[in-house]
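Report on one structure; see the data block that follows.
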Amino acid sequence: MISQFFVLSQRGDNIVFRDYRGEVAKGSAEIFFRKVKFWKEDEAEEAPPVFNVDGVNYIHVKVAGLFFVATSRVNVPPSLVLELLQRIARVTKDYLGVLNEDSIRKNFVLVYELLDEVIDFGYPQTTSTEVLKSYVFNEPIVVDAGRLPPLGPAAIFMQGTKRMPGTAVTKSVVATEPGGKKREEIFVDIIEKISVTFSSSGYILTSEIDGTIQMKSYLTGNPEIRLALNEDLSIGRNGSSLYDYRSSSGSGTVILDDCNFHESVHLESFDVDRTLSLIPPDGEFAVMNYRMTQEFKPPFRVTALIEEAGSSRAEVILKIRADFSPNVTANTITVQMPVPSYTMRASFELEAGATGQTTDFKEGSRRLEWNLKKIVGGAEHTLRAKLTFSQEIHGNIAKEAGPVNMNFTIPMYNASKLQVRYLQIAKKSKTYNPYRWVRYVTQANSYVARL
Amino acid sequence: MAPPVSTPKSASPSQPSGKSEVTDLKLQLRQLAGSRAPGADDAKRDLFKRVISCMTVGIDVSPAFSEMVMCSATSDVVLKKMCYLYVGNYARCNPDLALLTINFLQKDCHDQDPTIRGLALRSLCSLRVQNLVEYLVAPLAAGLKDHSSYVRTVAAIGVLKLYHISATMCHDSDFPAALKALMLSDPDAQVVANCLYSLLEIWTQDAANSDEAAREIETLYGKSIIYYLLNRIKDFSEWAQCLVLDLVSKYIPSDNNEIFDMMNLLEDRLQHANGAVVLATIKVFLHLTMSMTDVHQQVYERIKAPLLTLVGAGSPEQSYAVLCHLHLLVMRAPMLFSSDYKHFYCQFSDPSYVKKLKLEMLTAIANESNTYEIVTELCEYAGNVDVPIARESIRAVGKIALQQYDVNAIVDRLLQFLEMEKDYVTAETLVLVKDLLRKYPQWSHDCIAVVGNISSNSIQEPKAKAALIWMLGEYSQDMMDAPYVLESLVENWEEEHSPEVRLHLLTAVMRCFFKRAPETQKALGAALAAGLADNNQDVHDRALFYYRLLQYDVAVAERVVNPPKQAVSVFADTQSSEIKDRIFDEFNSLSVVYQKPSYLFTDKEHRGPFEFSENLSNLAIGGDSGDDVIHSAQRYEENDKDLLLSTSDKEENGGPTHNGSSTYSAPSDVNSSRSLVSSSTTQPAAFAIDDLLGLGVLDTPVLPPPPALSLNAKPVLDPGTFQKKWGQLTVSSSQESTLSIQGVASLTAPQSLIKHMQNNSIQCIASGGQPPNYKFFFFAQKEGSSSFFLVECIVNTASAKAQIKIKADDASASDAFASLFQSALSNFGSS
């Protein structure tokens, strides 16, 4: 059971503090913050999400740059507390529309109201936005999302994508719109995090996709929804030996290793026609999480080369090729490459006519950084860098550099080929035709090329 | 609405403006108190917000208590809630003022609106003021019967709050019984769950002093309640499902069909998106199947995929919690995960605490089939920018080499590390090469060739330097310049700061001397002289010892310092299997994350009913203090050990013979040897006891009386030492004993036996279990000596049998103690 719950800002200020059982001293927030800030003195090691100081267990998650912390004196299940903290953050976001320091400060009384209902005497009660509605009376004070940095995976849809109404995902689930009427709409986001490791010769060593179908419903009256996925979707790697020959030839069969579902999902027809039916609760939630290790075509090919050029110099060539359709554009791409620790200087040479690209040599962490605003499908970009060392090279220089790591976001692209065939909403009347948004996005989780 | 005051600036706790702010708030509140003017509520809201925001940042706003209460007469729910929050926060330090709030809270408990009733009841119970408890009883009793389920959920937890303020008041009002009735009948699942939370906490605390409460707890784990809860598990919220599943994990089914039924019922819980539900379900599956080896293995196979999915989904924090549990399972049964090694490769974005876990898992699951890939991957990390992880990776490679899969190739890689010429890589590698040589002296030739090229000047880390020096001493006949390297090291004695290095240097020079005397003589003289003058006591003593030894007889000295070496077969494991089992029992708890059993990090009073206990003093004093008699879920331990024998075997013998096929065969020999021992020892034991207790069976003078053993009546042993001893000592006696019928009858709870044994000068350090299986750890001390006896005793009340394992500091006294223990046990219940 939980003794206290608090939210701390990045600077360690208490934004919300709720003591449920009075068994942990009040100074716990400070103890926690000091411990997290100075976990290991000389090493830049991060504090783990769970630790114990003097018999008090501190369990925290970081959301939107804030610490959501629970303390407990008993041997609680850690996953339960971590899930609960994450859920509290999500419920708060449902209510406030935007989750950040400012919005919580402006609405802290509402947050207290929520906390009172979510946890009683340390025991979780309900985290359903819908149930909470009938016990929470404060009206959220909406914070302008425009000037605030967007958060969460869904926020990427707001960046320069004209297809979406920009503020849609950041509006409160409960607040009434200025016009008085709520807009009937539902968002279904297929968010995939991909991890790929290329060997020095360019082979794919490991690849994995961790995906989520996330839903956020603003529909009144909670109508039933049917969500149809690829008909030939199969689940379970064990049974896949039959399909292996097909998957390697890339015929499009999607084989998931495993998946799990939100509790509102009914799976009766899932085995027959790969359709999920559910009555979506209010607010944001994951309909389904899935994992795929079946081979897929990586969106980028990365090649990195480092060669000696004299006794204390070397040349680096980084090349990226976008292996996807020209109608798709990746954005906010970052390529990082650690270089030998005795590197003193680096001079960069971008390709002719390059726009929206920046380069940097981070002296402290000894790495090259290459930022690209966007890459259009099919394009190829190259960066050359000349390194100057403080000492002569000995040994294999490639062992001292790398691996290259890449970060990117590709809207309207999904590597797994998992599709939402249709999204059907039970009709209440003939004129009832809510907006439906089905969006795809792929992000790099760990995209690494070795030297 | 005016903007709230809580801008980040004024929110800083260091701001000293608190005082004036409070005075100002008091003034304004007083002005508004009686006002019924339109807009007064809005003004109050703003003021209340300011008060609460001060409270949040730690400014003491309790001086405004009476003003707040005066303002609380309102029909505005938002205002009421803020007021409740305030009152709940300060009532405890202002009990007199808290009395002022009772009136309006009681009134609100009768409000028409169930939400108001619930809120008022919750606040009333949260006051935590001792002398106000009498005002709680009536509203609580009404709340439990309220027709709104919301009020009932609040009341169910309210009872628990009352219990914490005044346990007597709670019992006098018969609330536990009311909760139990409600739990078994209420249509609302959250009410049921809250009753269960409260009852568990109340009875667990009571169980210390009351057998009745202990029995009540047992009924919660009984078939009828477990089935009642299981049948409606989907009505519960995901959080309450975790509670139910935790309860189910302690249930002992009567037969296998029951187990399968339960597992089929819960199967779909493994597909839940909430990791907490999945882990709670996994705990049930693991515990249910503990006695069915093949099914247990299937469970491992079944839960792999959901666990891996949870690791990939969710926030990094959530996946860490899941990964910790996966780590535990991998460590218990590495062979079951050997084909999944790629999932444990480190990802670029992983925080270092995740990478560490993954490295350990990769080390554990390395076997013939995957070693090449795993080691190749680990070698990639060795050049990592993250130095601590690079070090860990090198160590991991070394550990895999010690497991002797494909040592040949791995030695090559280690030697390649040395060529990288990175300080920390060289340092870690040297330590590893040393360990490898201790286990595989046959590799010395290749290793020494490379190690010999390393300049001792380039190594700074004491551990690495000590390792290099050890090799110089050990292989001085193969390393051409060993005496000269050692000599130069001795010359720089003064600059060597680490005593560890100086100690190794002394020994290495000695060894070298016996192999290459003429070349080393000078260095040895210098080393001994430097050692004798050393400030460090250990260094000084070792130097003196060597010096005297050499003076006495050089041949003897050689035998002492340079005996023929036996290759080390296995390096000691850092964690005993005992501790590992305990952590496994506490699956799905913080124990798994911290990798230690809960008694090492929780205060006594916050331990659950199922944890290991250690407090001795309480046991010794309290007449019926079972306060810390803690039941732990031990009942499967025996089976579990059998099941995973091959894992522990690997730890103990480092045997290369284990492969997948022999994994789960039950070790029949363990059991048979135990019964063998018992039959041979029980007979004389009986006589010994008689003799000891002065019951002298006169017509058996044939047997020489064993040396009388008397025990210290009040021995002291702390649990840490117990654990350590238990890990170090071997079983000196292992037997089976029978309990008398009366004994079985008295053993309704572990306390009774503990008290009985205490009267026989045998102390309990931990106990656990539920009928029919109990497990105890006892200890005793020989009178007038420091030697301890440690006992593990597993009692099965159904068969009236007890399995006894004894470990003793002084093994020769073990048999005498065993008979003493047996007699005490067999007397149980008869006195």
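All values below come from the heavy atoms of this structure, side chains included, with hydrogens, waters and symmetry mates left out.
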Is a donor on one side and an acceptor on the other found under 3.5 Å between the side chain of [X] and the backbone of [Y]?
{"X": "B:K342", "Y": "A:L205", "result": "yes"}
{"X": "A:R291", "Y": "B:A305", "result": "yes"}
{"X": "B:S349", "Y": "A:N445", "result": "yes"}
{"X": "B:E317", "Y": "A:V61", "result": "no"}

Does any backbone or side-chain atom of [X] lie under 4.5 Å from a heavy atom of chain B? Answer side chain, backbone, both or neither.
{"X": "A:V16", "answer": "backbone"}
{"X": "A:Y20", "answer": "backbone"}
{"X": "A:T197", "answer": "neither"}
{"X": "A:A444", "answer": "neither"}
{"X": "A:L85", "answer": "neither"}
{"X": "A:I209", "answer": "neither"}
{"X": "A:M288", "answer": "neither"}
{"X": "A:R21", "answer": "both"}
{"X": "A:V109", "answer": "side chain"}
{"X": "A:E83", "answer": "both"}

For residues [X] and [Y], report the shortest heavy-atom separation together with the two atoms involved.
{"X": "A:D19", "Y": "B:R128", "result": "O-NH2, 3.8 Å"}
{"X": "B:W239", "Y": "A:L80", "result": "CZ3-O, 3.8 Å"}
{"X": "B:G314", "Y": "A:K193", "result": "O-NZ, 4.0 Å"}
{"X": "A:Q125", "Y": "B:S237", "result": "O-OG, 3.9 Å"}
{"X": "A:N260", "Y": "B:A273", "result": "OD1-CA, 3.5 Å"}
{"X": "B:R122", "Y": "A:D120", "result": "NE-OD2, 3.6 Å"}

Pair B:L160, A:Y123 - check side-chain contact (heavy atoms from CB on, under 4.5 Å), show working.
CA-CA 11 Å; B:L160 180 61; A:Y123 293 108; 3.6 Å; yes
Is [X] in contact with chain A via its backbone, its side chain, both, or neither, using a 4.5 Å heavy-atom distance?
{"X": "B:I52", "value": "both"}
{"X": "B:K81", "value": "side chain"}
{"X": "B:D350", "value": "neither"}
{"X": "B:T309", "value": "both"}
{"X": "B:L308", "value": "both"}
{"X": "B:Q190", "value": "side chain"}
{"X": "B:Y197", "value": "both"}
{"X": "B:F601", "value": "both"}
{"X": "B:V77", "value": "side chain"}
{"X": "B:Y353", "value": "side chain"}

Count the heavy-atom pairs under 4.5 Å between each of [options] and chain A, then report the option with the highest count.
{"options": "B:A313, B:G275, B:A240", "result": "B:G275"}
{"options": "B:E377, B:Q347, B:K234", "result": "B:Q347"}
{"options": "B:L279, B:T153, B:N194", "result": "B:N194"}
{"options": "B:T115, B:D268, B:L243, B:L310", "result": "B:T115"}
{"options": "B:M55, B:M82, B:K161", "result": "B:K161"}

Rounded distance (nearest 0.5 Å) linking atom [atom1] of [X] with atom [atom2] of [Y]:
{"X": "A:S200", "Y": "B:E380", "atom1": "OG", "atom2": "CD", "answer": "7.0 Å"}
{"X": "A:W39", "Y": "B:S352", "atom1": "CH2", "atom2": "OG", "answer": "10.5 Å"}
{"X": "A:C259", "Y": "B:Q271", "atom1": "SG", "atom2": "CD", "answer": "5.5 Å"}

Max heavy-atom pair count under 4.5 Å with chain B, selected residue of [options]:
{"options": "A:V287, A:N289, A:N52", "value": "A:N52"}
{"options": "A:I15, A:L84, A:T206", "value": "A:L84"}
{"options": "A:V131, A:V448, A:T127", "value": "A:T127"}
{"options": "A:S9, A:S72, A:A47", "value": "A:A47"}
{"options": "A:K62, A:H262, A:R366", "value": "A:K62"}
{"options": "A:R367, A:H60, A:E263", "value": "A:E263"}

Are the side chains of A:N57 and B:Y594 in touch, meaning some heavy atoms are under 4.5 Å apart?
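SC-SC contact between A:N57 and B:Y594 confirmed.
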Kindly indicate whether the side chain of A:F137, heavy atoms from C-beta on, has any atom under 4.5 Å from the side chain of B:K80.
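Not touching, per the 4.5 Å side-chain cut-off.
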Evaluate the criterion side-chain contact (heavy atoms from CB on, under 4.5 Å) for residue pair A:R18 and B:L85; output intermediate values, then yes/no.
CA-CA 9 Å; A:R18 184 80 173 85; B:L85 180 68; 3.9 Å; yes
Under 6.0 Å between ring centres, would you say that holds for B:Y150 and A:Y135?
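Yes, ring centres under 6.0 Å apart.
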Between [X] and [Y], does any side-chain donor sit less than 3.5 Å from a side-chain acceptor?
{"X": "B:T56", "Y": "A:Y112", "result": "yes"}
{"X": "B:S591", "Y": "A:N75", "result": "yes"}
{"X": "A:D116", "Y": "B:Y84", "result": "no"}
{"X": "A:E208", "Y": "B:Y345", "result": "no"}

Which residues pass the salt bridge (Lys or Arg N to Asp or Glu O under 4.0 Å) test with B:E238, sequence neighbours left out?
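Checked B:E238 against salt bridge (Lys or Arg N to Asp or Glu O under 4.0 Å); matches are A:R87.
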Those residues that, when tested against B:D76, pass salt bridge (Lys or Arg N to Asp or Glu O under 4.0 Å) (two or more places apart):
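Expected list: B:R45.
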Looking at A:Q391, I want to see if its CD is surrounded by more than 12 non-hydrogen atoms of other residues, nucleotides or ligands under 6.0 Å.
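Yes, enclosed.
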Is A:D258 salt-bridged to B:K304, cutoff N-O under 4.0 Å?
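Not counted as a salt bridge, because no side-chain N and carboxylate O are separated by less than 4.0 Å.
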